[in-house]
Amino acid sequence: MQLGLDYDVSGAQHATLDPADVAEVLRRYPRLHFKRVFNELLNHEVDTKQPYHHWVHICTRVAHNRSPIPIADATAVLDWAPFDE
C-alpha cells in the first residue's frame with residue numbers, strides 16, 4: 001500500500017509498475033485534479049495546525065518552502081509523478 005501511495009503522490013521513482021495496470025487503475029479511478037487538490041490540502045493542513053509538529057511529513061515541505069531553508073516543495077514532489085494531473 002505504501003508503494004501505491006508513493007507512486008500516486010511522487011511517482012515512486014524506482015517503481016516497476018506495468019503501464020497497462022496503471023492505465024486500468026486510472027480508467028477506473030481518475031485522478032480528478034489530484035496534484036492541485038492534494039497540494040491545497042497540504043497547505044491547509046500547515047495553515048490550520050500551528051505549530052506544526054509532524055516533522056517527517058510532506059507538510060513539512062510546505063512549511064520549509066515558506067522559509068529560506070532549501071528543500072523541495074510539495075508541488076515539486078507531486079510533479080515527480082508521471083501523471084499530468
Side-chain angles (χ1 to χ4, degrees):
M1 186 171 94
Q2 187 65 37
L3 181 57
L5 292 169
D6 187 20
Y7 193 82
D8 226 11
V9 172
S10 66
Q13 303 303 305
H14 303 290
T16 54
L17 300 177
D18 184 329
D21 290 341
V22 173
E24 179 60 17
V25 169
L26 292 175
R27 184 186 71 74
R28 292 182 185 200
Y29 305 99
R31 291 175 59 84
L32 303 176
H33 308 288
F34 175 81
K35 289 182 178 185
R36 179 180 50 80
V37 174
F38 191 62
N39 193 40
E40 288 170 1
L41 174 72
L42 295 174
N43 278 275
H44 177 74
E45 178 83 1
V46 171
D47 289 340
T48 58
K49 294 186 178 177
Q50 295 297 326
Y52 196 79
H53 297 290
H54 304 285
W55 297 110
V56 188
H57 191 273
I58 193 169
C59 286
T60 305
R61 293 177 181 274
V62 173
H64 279 271
N65 191 53
R66 296 176 179 181
S67 73
I69 300 171
I71 187 170
D73 181 45
T75 304
V77 174
L78 290 167
D79 283 341
W80 294 340
F83 306 109
D84 290 335
E85 186 52 60

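Partners of E24 according to the salt bridge (Lys or Arg N to Asp or Glu O under 4.0 Å) rule, which considers only residues two or more places apart in sequence or in another chain, are R27, R28. Residues passing the side chain to side chain contact (heavy atoms under 4.5 Å, CB included) test with L41 are F38, sequence neighbours excluded. Evaluation of the side chain to side chain contact (heavy atoms under 4.5 Å, CB included) rule for D84 yields no partner, not counting sequence neighbours. Residues that satisfy the side chain to side chain contact (heavy atoms under 4.5 Å, CB included) test with V37, not counting sequence neighbours, are H33. For the side-chain hydrogen bond (donor to acceptor under 3.5 Å, both in side chains) test, residues two or more places apart in sequence or in another chain that qualify with D6 are S10.
The shortest non-hydrogen separation linking P82 to G11 is CD-CA, 3.5 Å. A pairwise comparison of heavy atoms in N39 and A74 identifies OD1-CB, 3.6 Å as the closest pair.
Each of L42, T48, V46 was compared with H44 under the side chain to side chain contact (heavy atoms under 4.5 Å, CB included) criterion, and only T48 meets it.
When the side chains of ILVMFWY residues are joined at heavy-atom separations under 4.5 Å, either directly or via intervening members, V77 and F34 end up in a single hydrophobic cluster.
Between the K35 side chain and the F83 main chain, a donor and an acceptor come within less than 3.5 Å of each other.
V25 belongs to a hydrophobic cluster with Y29, counting contacts under 4.5 Å between side-chain heavy atoms of Ile, Leu, Val, Met, Phe, Trp and Tyr, direct or through other members.
Within the structure, every pair that satisfies the salt bridge (charged side-chain N to carboxylate O under 4.0 Å, His left out) test and touches residues 7-16, not counting sequence neighbours, is listed here: D8-R31. Pairs engaging residues 10-19 under the salt bridge (charged side-chain N to carboxylate O under 4.0 Å, His left out) rule: none recorded [sequence neighbours left out].
With contacts defined as side-chain heavy-atom distances shorter than 4.5 Å, the pair W80/V9 does not qualify.
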